[in-house]
Visitor: 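Before we start, here is the structure in question, set down as structure tokens.
The first residue in the sequence is number 1, and the count goes up from there.
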Amino acid sequence: MTEEPLDVAVLQRRLAEFAAARDWRQYHTPKNLASALSVEASELVEIFQWLTPEESSRVMADPGTAHRVLDEVADVLAYLLQLCDVLDVDPLAALAAKIDRNEQRFPPV
């Protein structure tokens with residue numbers, strides 16, 4: 001496979017092509033994708049569940065745990081990007097707008 005620059009549109013296209021090639025698009029409804037996103041986020045939380053704050057700050061130092069974190073982060077992002085694709089939401093524009101609103105809601109001290 002040829003390496004393309006990483007950006008949201010490229011990743012969304014790759015995810016869509018992957019799902020289409022396996023006839024999975026039929027299952028990629030907003031409800032199913034939101035549910036899958038929640039499950040994957042919970043799997044990420046599970047890694048940190050019983051760690052102290054100090055231990056949680058060092059999870060990437062352990063190769064086995066780091067691998068699990070990277071996989072779960074990738075799963076969360078994949079489902080979020082697929083959900084945005086299905087709903088025709090620009091995730092970067094949504095984030096920028098949310099940051100703008102938060103800057104207004106929470107002024108610096």
Side-chain angles (χ1 to χ4, degrees):
M1 183 173 112
T2 306
E3 284 296 316
E4 296 182 62
L6 292 179
D7 67 33
V8 171
V10 168
L11 294 172
Q12 283 178 305
R13 186 178 70 249
R14 287 186 63 195
L15 288 165
E17 289 169 355
F18 182 89
R22 289 151 183 84
D23 198 27
W24 292 351
R25 296 279 296 179
Q26 62 185 316
Y27 306 112
H28 288 187
T29 64
K31 176 195 155 295
N32 288 350
L33 291 168
S35 296
L37 174 58
S38 176
V39 169
E40 295 301 338
S42 295
E43 290 178 2
L44 180 59
V45 170
E46 182 182 28
I47 296 167
F48 296 90
Q49 185 173 12
W50 301 113
L51 301 180
T52 66
E54 295 78 20
E55 290 169 333
S56 71
S57 295
R58 296 188 303 266
V59 295
M60 299 308 283
D62 175 64
T65 305
H67 179 72
R68 290 177 54 215
V69 169
L70 292 174
D71 278 353
E72 296 310 332
V73 165
D75 289 342
V76 168
L77 184 57
Y79 280 118
L80 180 59
L81 291 178
Q82 290 174 92
L83 179 63
C84 289
D85 187 38
V86 166
L87 295 176
D88 198 27
V89 169
D90 178 340
L92 299 182
L95 177 56
K98 180 65 175 184
I99 293 169
D100 289 344
R101 287 192 304 278
N102 283 344
E103 287 174 341
Q104 296 301 310
R105 288 180 59 205
F106 307 104
V109 289

Visitor: Do L70 and L81 sit in one hydrophobic cluster, given that two such residues count as connected whenever their side-chain heavy atoms are within less than 4.5 Å of each other, even indirectly?
Guide: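 Different hydrophobic clusters.
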Visitor: Would E54 and R58 pass as an ion pair if we require N to O under 4.0 Å?
Guide: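 Salt bridge absent between E54 and R58.
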Visitor: Say you draw a straight line from CD of E72 to CG of L77; how long is it, rounded to the nearest 0.5 Å?
Guide: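 So the CD of E72 and the CG of L77 are separated by 12.5 Å.
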Visitor: So, taking the atom named CG in L15 and the one named SG in C84, what distance separates them when rounded to the nearest 0.5 Å?
Guide: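 That separation rounds to 11.5 Å.
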Visitor: Rounded to the nearest 0.5 Å, what separation is found between the CG atom of L11 and the CZ atom of F18?
Guide: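 If I round to the nearest 0.5 Å, the distance is 13.5 Å.
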Visitor: Is there a path of hydrophobic side-chain contacts, each under 4.5 Å between heavy atoms of I, L, V, M, F, W or Y residues, that connects L87 with L37?
Guide: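 In one cluster: yes.
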Visitor: Between E40 and D75, which heavy-atom pair has the shortest distance, and what is it?
Guide: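 For E40 and D75, the tightest heavy-atom pair comes out as OE1-OD2, 3.1 Å.
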Visitor: When clusters are formed by joining ILVMFWY residues with side-chain heavy atoms under 4.5 Å apart, either directly or through shared neighbours, do I47 and V39 land in the same one?
Guide: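 Shared cluster, no.
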Visitor: State yes or no: do V73 and V59 share one hydrophobic cluster built from I, L, V, M, F, W and Y residues joined by side-chain heavy-atom distances below 4.5 Å, directly or via other members?
Guide: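 Per the 4.5 Å side-chain linkage, V73 and V59 are co-clustered.
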Visitor: Would you name the heavy atoms of P91 and V8 that are closest together and state the gap between them?
Guide: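 Closest heavy-atom pair between P91 and V8: CG-CG1, 3.8 Å.
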Visitor: Evaluate the criterion side chain to side chain contact (heavy atoms under 4.5 Å, CB included) for residue pair M60 and T65; output intermediate values, then yes/no.
Guide: CA-CA 7 Å; M60 299 308 283; T65 305; over 6 Å; no
Visitor: Determine the minimum heavy-atom distance between L51 and E55, stating which atoms define it.
Guide: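 What the structure gives for the nearest pair is CA-OE1, 3.3 Å.
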Visitor: For a quick test of reading the model, state the closest non-hydrogen atom pair linking V89 to A94 and the distance between them.
Guide: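 In this case the closest contact between V89 and A94 is CG1-CB, 4.3 Å.
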Visitor: Nearest 0.5 Å please: distance from the OG atom of S38 over to the CG atom of L33.
Guide: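 It is 12.5 Å, given to the nearest 0.5 Å.
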Visitor: Rounded at 0.5 Å granularity, tell me how far CZ in F48 sits from OG in S57.
Guide: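 The OG atom of S57 is 9.0 Å from CZ of F48, to the nearest 0.5 Å.
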Visitor: Within this structure, what is the CD1-CD distance for the pair I99 and Q104, rounded to the nearest 0.5 Å?
Guide: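 I99 CD1 to Q104 CD: 13.0 Å, rounded to 0.5 Å.
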Visitor: If hydrophobic clusters are built by linking Ile, Leu, Val, Met, Phe, Trp and Tyr wherever their side-chain heavy atoms come under 4.5 Å apart, do L83 and W24 end up in the same one?
Guide: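 No, it is not one cluster - the side chains of L83 and W24 are not joined through contacts under 4.5 Å.
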Visitor: Between D71 and H67, is any side-chain donor less than 3.5 angstrom from a side-chain acceptor?
Guide: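 The criterion, which ignores hydrogens and geometry beyond distance, is satisfied for H67 and D71.
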Visitor: Just checking E17: does its CD atom have more than 12 heavy atoms from other residues, nucleotides or ligands closer to it than 6.0 angstrom?
Guide: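 Atom CD in E17 is packed in, count exceeds 12.
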Visitor: Closer than 4.0 angstrom, basic N to acidic O: yes or no for R25 and D85?
Guide: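 D85 and R25: salt-bridged.
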